[in-house]
Amino acid sequence: MSFQLPKLPYAYDALEPHIDALTMEIHHSKHHNGYTTNLNNAIAGTDLESKDILDILENMDMNNAAVRNNGGGFYNHDLFWKVMSPNGGGAPSGSLAAAIDDAYGSYDAFKEAFSKAAATRFGSGWAWLCVHKGGKVEVCSSANQDNPLMPGIGCGGVPILGLDVWEHAYYLNYQNRRPDYIKAFFNVINWEEVSKRYEENK
Ligand code: MN3
């Protein structure tokens with residue numbers, strides 16, 4: 001099968017002032033599009049061509065750099081767009097909020113742990129909130145386009161919230177101020193979507 005660049009669920013300027021329109025446009029139409037095209041090229045003519053993205057990620061041959069980097073890039077950005085919303089922000093509720101309190105003591109303590117994971121990821125990568133079978137949540141980070149669905153990466157489990165900390169995600173607006181970008185991200189988190197993913201994967 002051939003993977004398609006997913007449409008953004010909102011306009012390029014919808015997340016302003018937290019994430020600017022030009023960053024969103026380049027990030028989606030150039031970077032995400034590139035991962036999608038390169039993933040299709042990497043799997044063409046192989047037995048991965050008939051597999052879905054979760055199957056590809058969970059059974060990743062970590063020595064296959066083209067599929068690892070572009071399969072990760074394809075999936076991670078699809079998640080990233082969906083866990084943000086112009087109507088986002090606030091705090092989680094329901095069983096996700098309870099799981100966060102169980103793991104971190106409070107929403108604020110979780111926010112600090114997630115922000116630290118994002119800020120201290122050296123170079124390019126992602127910060128994640130993952131859910132394990134049974135419902136426990138955990139924060140981790142990973143390098144490049146790796147994600148915790150891949151064998152041996154991060155905290156394992158299923159990522160339900162992800163933050164792209166590659167410079168391409170924030171440099172036009174925030175330059176080297178990654179902590180300001182991380183802070184702004186919390187204003188656009190779509191907790192309804194994160195909760196949905198929590199319920200589906202706990
Ligand atoms: Mn990116």
Side-chain angles (χ1 to χ4, degrees), residues 1-6 19 23-24 26-28 30-44 46-49 51-84 103-104 110 113-133 136-171 174 178-179 181-182 185 189-190 193-194 197-198 200-202:
M1 99 172 148
S2 181
F3 293 101
Q4 307 286 328
L5 177 67
I19 304 183
T23 295
M24 287 299 293
I26 295 172
H27 203 173
H28 177 259
K30 305 293 184 200
H31 292 277
H32 197 186
N33 192 48
Y35 296 122
T36 307
T37 302
N38 293 334
L39 172 61
N40 286 330
N41 291 339
I43 62 174
T46 76
D47 59 358
L48 295 177
E49 215 172 8
K51 307 223 154 109
D52 66 35
I53 190 63
L54 288 177
D55 197 1
I56 291 175
L57 296 175
E58 288 167 0
N59 298 293
M60 183 66 68
D61 167 7
M62 298 302 273
N63 294 316
N64 187 335
V67 176
R68 179 178 176 176
N69 293 333
N70 294 295
F74 172 77
Y75 176 91
N76 295 345
H77 290 85
D78 183 48
L79 173 72
F80 187 46
W81 311 137
K82 287 173 180 158
V83 297
M84 296 191 289
Y104 291 96
F110 150 76
F114 186 90
S115 299
K116 190 178 171 195
T120 58
R121 165 50 57 186
F122 183 75
S124 298
W126 291 76
W128 306 105
L129 176 65
C130 293
V131 59
H132 295 285
K133 282 286 164 227
K136 186 180 183 296
V137 293
E138 191 172 1
V139 164
C140 64
S141 73
S142 59
N144 302 317
Q145 295 297 350
D146 288 348
N147 74 45
L149 293 167
M150 296 175 183
I153 296 299
C155 48
V158 177
I160 57 175
L161 176 67
L163 174 58
D164 189 340
V165 295
W166 284 57
E167 284 188 345
H168 70 224
Y170 62 87
Y171 208 85
Y174 293 98
R178 190 193 286 188
Y181 161 70
I182 295 167
F185 174 67
I189 296 177
N190 180 353
E193 176 67 23
V194 181
R197 288 168 186 261
Y198 175 76
E200 285 167 359
N201 292 290
K202 71 182 181 183

Aromatic ring pairing His27/His31, orientation class (parallel under 30°, perpendicular over 60°, tilted between): perpendicular
Aromatic ring pairing Trp126/His77, orientation class (parallel under 30°, perpendicular over 60°, tilted between): perpendicular
For residues [X] and [Y], report the shortest heavy-atom separation together with the two atoms involved.
X      : Y      : answer
Gly162 : Val83  : O-CG2, 4.0 Å
Gly72  : Leu57  : N-CD2, 3.9 Å
Ile19  : Tyr181 : CD1-CE1, 4.3 Å
Ala117 : Val139 : CB-CG1, 3.7 Å
Ala119 : Ile182 : N-CD1, 3.5 Å

Approximate separation, where rounding is to 0.5 Å, of [X] [atom1] and [Y] [atom2]:
X      : Y      : atom1 : atom2 : result
Phe110 : Leu129 : CZ    : CG    : 5.0 Å
Tyr75  : Leu39  : OH    : CG    : 14.0 Å
Asn69  : Asp146 : CG    : CG    : 7.0 Å
Leu149 : Ile56  : CG    : CD1   : 12.5 Å
Met150 : Met60  : CE    : CE    : 4.0 Å
Arg178 : Ser115 : CZ    : OG    : 12.0 Å

Taking side chain as C-beta onward, heavy atoms only, is [X] less than 4.5 Å from [Y]?
X      : Y      : value
Phe185 : Phe80  : yes
Phe74  : Asp78  : no
His168 : Lys30  : no
Arg68  : Asn144 : no

Looking at [X] and [Y], would you say the former's side chain and the latter's main chain have a donor-acceptor pair under 3.5 Å?
X      : Y      : result
Tyr35  : Gln145 : no
Lys133 : Gly157 : no
Asn40  : Phe3   : yes

Derivation of the side-chain contact (heavy atoms from CB on, under 4.5 Å) call for His28 and Leu5: CA-CA 9 Å; His28 177 259; Leu5 177 67; 3.7 Å; yes
Under 3.5 Å side-chain donor-acceptor pair for His32 and Trp81: yes
Glu138-Trp128 side chain donor-acceptor pair, cut-off 3.5 Å: no
